[in-house]
Amino acid sequence: MTGELADDRFLSIALFLLFLACCLSLSMWASPDLRDEDSLFTDTDRPGPMRSGLAFTGDFISVAGVLYLIGIVAVAGTDGVLVVAAAAASPLLMRRWLAGKLPIRKGWSFGDVLAHRLPSGPARRAAATGALVATVPLLVAQLVPIGQITAALMGLPGEAGEQAGIVLVGALMLACVTIGGARGATALQICKAAAFLVMGPLLCCLVLFQFRWDPGAMLSAASRAKGSADAYLSFGGLFGTDLTGMLDLASITVTVLLGAAFLPYLVTRLSGCDEVWIARRAAGWGAGAVILLCTAAVILGFGLRALVGARELAEQGPRGGNNLLLLAAALDGNGTGHPGMLLTFVSCAAFLAVLASASVLLLSASAALVHDLGWGAGTGTGSGRGAAAKGRAPVPGQPSPARHMPGNVRARLALLGVGAVCLVLAVVAREVNPQFWLTLTYTQAASVLLPALCYSLGRRPFPLAALRRCVYGGTAVTLALVAFSPAMSGAPDAVFPHADWQLWPLYAPGLVSVPAGFVLGAIRRAGEGAPDSGTRPAPGPGPVGTVPPQDPRGGAARDELAGR
């Protein structure tokens, strides 16, 4: 028996290592010119609507999000289905509200979108702050579960094994994104979307096969695992049936609906499209694929509940956890910890999901540092404008930044720095439920990024002071509410379960933080109603990516302005 387990372990590890080699090879094949900073952040292939839609789907899917959706259905029943429905509807809102407006804001950072009609430096700094608060927690949420899955697959025991799994995955992630850049990230996202579109329905078929293709029998078995059909298939399974529980359910649903599809790297994915119709159609393809995958998540959640049971699920957390391993073991037909073939393939798909998601997250965060915060001023601007910016005359009295450090080196150092910080956070906070990081990310996107996008892309002028209030004030409100919520302290699954300083009763603060973000952006004080586009500084010293003001007279006027 020991020899058979050893053979199974060796075969699983060999297949997993072969898969890792394929991912590295794909990154090397898609590698851009390593000497060019712009090629690190931009995909120059100009993909069409279907390819952009698959990439958008891959951007939307994250392993932490998939585990959260499956786990929340398995634990909370109807409440979980409501949250999954909100996640499925979020890309539809993106297509309806913003997809048609983003392509006219060319660029490869979130600051390029918000600073289109505002003074470049302050607007980009605000955009970078909001983007970093949203992307860093989501990246940490990816590393923790995949580290646990990798440790289980390779037989690494205990806490040290999980930490080693996180470090291994993080190192491979940094290698792939540093080599492949934006073009490699797009290729990985397309492969990930295609893999999940195949694996999701396949796992659903395997689950339904266990119940002789009878969904009613599956629901009945899932409800009996709880002990009462009414309790599992009615509202209140997630936070309780009292008023606070219902408000918390409404809050998390609103947060996921308004935050899941409005993250910085999803915005820049559509803003990079050449035409409006391409962006709309790409968002439509992505929304259809996400709806299919969310439907699969509901089926897998009910199947997980029926096959595994309530006691084992409760050990993973009161609101779902990293239980994909339990489902794979149940479908493999064994209750032991040794890897079956299904677990191997699920681990490969999960690693691909993390690798692709981490690539776009790292690129988005490093673009915020280099391009928007100005670390590396004087380098390229992205989106085809790098050559013009590089040809700009140096500012008298200031040394050229390129003499100290080339732009491509600066960009990769920022990428490695962000990755190292997230890796340390994932190792140190390994026991923190990834749902905490997801809630923080979605709340930041819904409360800060979405209001800033709606106002800056609207027809009314959006003053710089209003943008600052929206971003900095909304971020402060979000962080304060999360810091004093049960997700941080005072609950068994909190970040600090043995302390209690909570003042706010809801796990997700979206019911308050989202209106606060819109109100802070809508406030107009005396002298703030005039457009800021006419006061933008001319090209010269400033943060990287400073773009000449858009002149309605056309390209000739812009060329004349650049010549001056």
Side-chain angles (χ1 to χ4, degrees), residues 20 23-24 27-28 31-32 34 37 40-41 62-64 108-110 125 128-151 156 159-182 184-185 188 263-265 350-376 379 404-432 434 436-438 440-441 444 479 495 544:
L20 298 185
C23 291
L24 286 171
S27 298
M28 294 179 66
S31 176
L34 299 179
E37 178 195 357
L40 177 67
F41 294 106
S62 65
V63 67
W108 42 254
S109 76
F110 192 65
R125 286 192 289 272
T129 301
L132 287 172
V133 174
T135 53
V136 170
L138 184 56
L139 185 54
V140 175
Q142 309 302 310
L143 293 173
V144 175
I146 191 58
Q148 296 172 347
I149 292 175
T150 303
L156 303 176
E159 297 182 0
E162 292 183 1
Q163 293 174 349
I166 293 173
V167 173
L168 174 62
V169 171
L172 291 171
M173 169 195 73
L174 288 174
C176 286
V177 68
T178 304
I179 295 172
L188 289 172
L263 294 168
Y265 57 93
F351 180 83
L352 178 60
V354 169
L355 183 61
S357 299
S359 297
V360 294
L361 286 168
L362 284 172
L363 289 170
S364 178
S366 57
L369 288 176
V370 175
H371 188 54
D372 295 335
L373 287 181
W375 190 66
T379 57
H404 300 286
M405 188 184 299
N408 62 323
V409 176
R410 200 177 285 112
R412 282 170 172 79
L413 285 178
L415 190 150
L416 293 174
V418 173
V421 170
C422 294
L423 189 57
V424 171
L425 283 175
V427 172
V428 173
R430 180 186 55 82
E431 296 184 356
V432 175
F436 169 78
W437 304 109
L438 285 175
L440 179 58
T441 291
Q444 174 73 5
L479 294 179
V495 178
V544 61

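Keep in mind that the numbers below use all heavy atoms, side chains included, and drop hydrogens, waters and symmetry copies. Sequential numbering from 1 along the given sequence is applied to the chain's residues. Predicted, not measured: the structure shown is a model, and the values here were computed from it.
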Quiz item: Backbone N or O of L363 within a donor-acceptor pair of the S366 side chain at under 3.5 Å?
Solution: yes
Throw together a table of side-chain donor-acceptor distances under 3.5 angstrom for residues 132-143, partners on residues two or more places apart or in other chains.
from	atom 1	to	atom 2	distance (Å)
T135	OG1	A131	O	2.9
Q142	OE1	V63	N	3.1
Q142	NE2	L138	O	3.2

Practice problem: Report the C-alpha separation of T441 and L263 in whole Å, then their side-chain angles, then the decisive distance to 0.1 Å, and conclude whether the side chain to side chain contact (heavy atoms under 4.5 Å, CB included) test is met. | Solution: CA-CA 8 Å; T441 291; L263 294 168; 3.5 Å; yes
Exercise. State the CG-OG distance between L438 and S62, to the nearest 0.5 angstrom.
Key: 6.0 Å
Quiz prompt | Exercise: identify the closest heavy-atom pair between M173 and A358 | solution = SD-CB, 2.9 Å
Quiz item: For the residue pair A367 and S109, what are the closest heavy atoms and their distance?
Solution: CB-CB, 4.1 Å
Exercise. Mind checking side chain to side chain contact (heavy atoms under 4.5 Å, CB included) for A429 and listing every partner two or more places apart, or none if nothing turns up?
Key: V432, W437
Quiz item: Which residues pass the side chain to side chain contact (heavy atoms under 4.5 Å, CB included) test with L174, sequence neighbours left out?
Solution: L362, L415, L416
Exercise. Just jot down the side-chain hydrogen bond (donor to acceptor under 3.5 Å, both in side chains) partners of S359, sequence neighbours excluded, or say none.
Key: none
Exercise. Go through the structure and list residues passing side-chain hydrogen bond (donor to acceptor under 3.5 Å, both in side chains) with E162, not counting sequence neighbours.
Key: R430
Self-check item: Contact summary for L423 and G170, nearest pair of heavy atoms
Solution: CD1-CA, 3.9 Å
